[in-house]
Amino acid sequence: MSIEQITLFLEDSDARLTEVTELLAEHCINIKALSLAGENDTTVLRLIVNDTDKALQLFRERGFNTGISEVLAMEVIDRPGGLATVLSTLHEARLAVACLTAFSLQAGKNGLVILRTGDQEKAKTALQQNGIHLLSAEELFTL
């Protein structure tokens with residue numbers, strides 16, 4: 001149920017972002033989720049790809065500053081309160097969200113939430129006990 005997320009720290013974000021996407025394309029590595037956030041001179045790119053090991057190897061060979069973390073992915077109903085249910089569950093378990101990406105897969109049907117907390121095992125337990133289905137990497141890539 002855990003999914004690996006790659007974190008890249010980009011100095012020249014425009015050029016390096018293009019390099020990242022071209023590098024993955026050249027090696028037939030598919031991006032399932034991506035988030036980019038920048039402040040001042042630091043831009044953080046987070047990626048979930050279908051071949052994490054190969055992508056990490058390629059990034060390191062090209063001199064990227066990389067990190068990897070475990071994230072949880074879940075489908076939620078795409079309606080008001082869908083995300084609130086997930087966040088309320090984590091709040092009640094006294095878990096802070098460190099990173100979150102959410103988007104709609106199909107309007108009115110499903111949304112996808114990808115997140116990381118300070119205690120992923122505790123988050124898994126809390127979410128599952130509240131009937132929230134966590135996706136495996138295989139399930140995530142079939143959406």
| Does a side-chain heavy-atom distance below 4.5 Å link F9 with T43? | no
| query | Is a side-chain donor-acceptor pair under 3.5 Å present for Q120 with T117? | reply | yes
Which atom pairs, one a donor and one an acceptor, fall under 3.5 Å between side chains of residues 86-98 and the rest of the protein, sequence neighbours left out?
from : atom 1 : to  : atom 2 : distance (Å)
S88  : OG     : A84 : O      : 2.8
T89  : OG1    : T85 : O      : 2.8

| request: Quick one: list whatever passes side chain to side chain donor-acceptor pair (under 3.5 Å) with T52, sequence neighbours left out. | output: none
| task | Compare all side-chain heavy atoms of Q5 with those of L47 and state whether any distance is below 4.5 angstrom. | result | no
| task | May I ask you to test the I3-L140 pair for a side-chain heavy-atom distance under 4.5 Å? | result | yes
| said: Can you confirm whether L143 sits close enough to E75 that some side-chain heavy atom of one is under 4.5 Å from a side-chain heavy atom of the other? | reply: yes
| field | R62/E19 ion pair, N-O < 4.0 Å | value | yes
| message | Quick check: do V44 and L8 have side-chain heavy atoms less than 4.5 Å from each other? | response | no
| message | Using the rule given for side-chain contact (heavy atoms from CB on, under 4.5 Å), can you reason through E4 versus S69, listing the C-alpha separation, both sets of side-chain angles and the distance that settles it, and then say yes or no? | response | CA-CA 6 Å; E4 292 181 318; S69 58; over 6 Å; no
| field | Side chains of L36 and L17 in contact at under 4.5 Å (non-hydrogen atoms) | value | yes
| Any pair counted as ring pair (Phe, Tyr, Trp, His ring centres under 6.0 Å), so long as it reaches residues 113-143, sequence neighbours left out | none
| query | Does the side chain of M74 come within less than 4.5 Å of L127's, by heavy atoms? | reply | yes
| query | Are L34 and L23 co-members of a hydrophobic cluster defined by side-chain heavy atoms under 4.5 Å apart? | reply | yes
| query | Which heavy atom of L135 sits nearest a heavy atom of E139, and at what distance? | reply | CA-OE1, 3.3 Å
| Going through the distances and angles, do K124 and L134 end up as a side-chain contact (heavy atoms from CB on, under 4.5 Å)? | CA-CA 8 Å; K124 285 180 196 178; L134 300 177; 3.8 Å; yes
| query | Which atom pair, heavy atoms only, marks the closest approach of L72 to A123? | reply | CD1-CB, 3.8 Å
| Step by step, would you call I48 with V71 a side-chain contact (heavy atoms from CB on, under 4.5 Å)? | CA-CA 9 Å; I48 296 174; V71 294; 3.9 Å; yes
| request: Would you please name every residue forming a side chain to side chain donor-acceptor pair (under 3.5 Å) with E26, sequence neighbours left out? | output: none
| query | Hey, what do you get for OG1 (T21) to CD1 (I31), rounding to the nearest 0.5 Å? | reply | 6.5 Å
| said: I need the L100 CG to L115 CG distance, nearest 0.5 Å. | reply: 5.5 Å
| Quick one: CZ on F59 to CG on L45, what's the gap to the nearest 0.5 Å? | 7.5 Å
| field | Test item: L24 and V49 side chains (from C-beta on) under 4.5 Å apart, heavy atoms | value | yes
| field | Counterpart residues, side chain to side chain donor-acceptor pair (under 3.5 Å), relative to T66 (two or more places apart) | value | R60
| task | Mind checking side-chain contact (heavy atoms from CB on, under 4.5 Å) for K54 and listing every partner two or more places apart, or none if nothing turns up? | result | H27, I29, D51, Q57, L58
| Which atom of A102 lies closest to which atom of V113, heavy atoms considered | CB-CG2, 4.2 Å
| said: Side-chain heavy atoms nearer than 4.5 Å, only ILVMFWY residues, links allowed to pass through others: does that put L56 and L10 together? | reply: yes
